[in-house]
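Whatever order the structure lists them in is the order used to number ligands and atoms, beginning at 1.
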Amino acid sequence: MPVQPVTRFAFLGPEGTFTEAALHSLGTPSEGGAVPAPSVPAALAMVRSGEVDAALVPMENSVEGSVSPTIDGLAGGEPLVVTREVFLEVDFVLGVRPGTPLAAVRRVASHPHALAQVRGWLAAHLPDAEVVPAASTADAARLVAGGAPDPAGAVVAGAPDAAVCPELAAERYGLDLAATGLADAPGAVTRFVQVERPGRLPAPTGADKTTLTCFVADRTGALLDLLTEFASRGISLTRLESRPTREGLGVYSFSVDCEGHVADRRVGDALVALHRLCDDVRFHGSYPRSDGRAAAEVTERFADAAFGTAEDWLTRLREGAGG
Ligand SMILES: O=C(O)C(=O)Cc1ccccc1
């Protein structure tokens with residue numbers, strides 16, 4: 001299959017988000033090839049409509065866990081596949097309009113995942129501030145910059161007066177840094193994924209991941225059965241998330257990242273079993289692990305050769321041979 005170069009990327013915007021930093025860390029795209037989207041669903045919609053070739057969106061964070069709009073955006077709608085992942089260490093500053101002292105901050109805005117990672121800092125330093133969600137960290141910075149103090153020195157109603165954001169976003173929107181190093185858990189890492197329309201399957205590298213959504217019937221042991229298909233083939237999961245299907249309380253799908261590539265026999269074999277077992281399985285791609293770590297010990301029993309030998313044996317049996 002010919003590999004089409006990705007030239008136009010949507011990213012969770014506006015300018016100055018962690019997602020944009022992650023995109024630039026990939027060395028892509030070229031001038032004018034990065035298009036800010038107002039939300040994750042909007043970025044995915046731009047891929048589906050063909051307006052862009054790919055989107056870079058946050059998938060999960062080492063402190064706050066999965067980013068639901070990304071998980072749900074893959075699970076529903078026209079098929080999309082992950083073709084690359086990238087990790088970025090994130091830390092936060094408090095951006096304020098120039099001249100605003102910390103004591104004057106009444107309302108703090110940011111992306112919910114950022115707010116969750118600075119909860120302790122906010123409780124210690126701004127215990128009375130109202131905390132409001134924004135579409136992204138940079139959107140919060142943009143909103144703060146747009147707010148102006150009224151002549152009496154109070155903040156115009158509605159605008160937040162501080163943003164929890166990357167230092168780059170504070171700079172981009174002309175904000176002062178009222179505080180730096182806000183993260184409650186230093187060294188937190190966010191994983192971003194490159195999402196495309198199906199049609200391009202990255203070649204196996206020996207250190208890959210595969211992403212799936214499994215829709216299981218509402219019955220006793222369904223999750224155990226699903227997990228068994230991976231475990232019995234020596235496949236480790238690197239992420240497992242249950243998400244409501246919106247059909248009613250108690251009806252869930254499972255979003256799974258596992259080690260290995262669909263071209264690996266053990267992964268292909270597990271997918272066949274899951275297809276038989278589940279109401280539906282959506283394949284969201286196989287792609288290289290960004291840490292390059294090979295699947296934890298693919299032992300001889302789970303290697304491609306072992307599957308080949310076993311299948312040859314079955315073929316001989318079906319041809320009437322004994323053994
Ligand atoms: O809002 C951003 O800057 C994002 O890219 C999403 C996000 C939010 C918090 C941590 C990591 C990524």
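- The shortest N or O to N or O distance between His111 and ligand 1 is not under 3.5 Å.
- For Arg246, the CZ atom counts as loosely surrounded, since its 6.0 Å shell holds 12 or fewer non-hydrogen atoms of other residues, nucleotides or ligands.
- The protein atom (non-hydrogen) at minimum distance from atom 3 (O) of ligand 1 is Thr137 OG1, 2.5 Å.
- The protein atom (non-hydrogen) at minimum distance from atom 6 (C) of ligand 1 is Leu12 CD2, 3.8 Å.
- For a threshold of 3.5 Å applied to N or O pairs, the pair formed by Thr19 and ligand 1 contains at least one separation below that value.
- Polar contact with ligand 1: absent for Ala114 (N/O pair, distance under 3.5 Å).
- Note that NE2 of His113 is 7.0 Å distant from OG of Ser66, once rounded to the nearest 0.5 Å.
- Counting the atoms of ligand 1 from 1 in the order shown, those under 4.0 Å from a heavy atom of Ser136 are 1 (O).
- Atoms CD and CZ, on Glu196 and Phe9 in that order, are 7.0 Å from each other to the nearest 0.5 Å.
- In summary, the aromatic rings of Phe18 and Phe11 are positioned with their centroids too far apart to meet the 6.0 Å limit.
- Every atom of ligand 1 with a heavy atom of Thr17 under 4.0 Å away is listed here by number and element: 2 (C), 3 (O), 5 (O).
- Taking CG from Leu26 and CZ from Phe192, the interatomic distance works out to 10.0 Å, rounded to the nearest 0.5 Å.
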Verdict with reasoning, Glu51 to Arg8, per salt bridge (charged side-chain N to carboxylate O under 4.0 Å, His left out): CA-CA 8 Å; Glu51 193 179 331; Arg8 271 172 72 78; 5.4 Å; no
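- Atom 7 (C) of ligand 1 has Phe18 CD1, 4.2 Å as its closest protein atom, hydrogens excluded (heavy atom only).
- Test Leu126, Val132, Val118, Val96 against Val108 for side chain to side chain contact (heavy atoms under 4.5 Å, CB included) and you get one pass: Leu126.
- Within the 4.0 Å heavy-atom criterion, the part of Thr190 lying near ligand 1 is the side chain and not the backbone.
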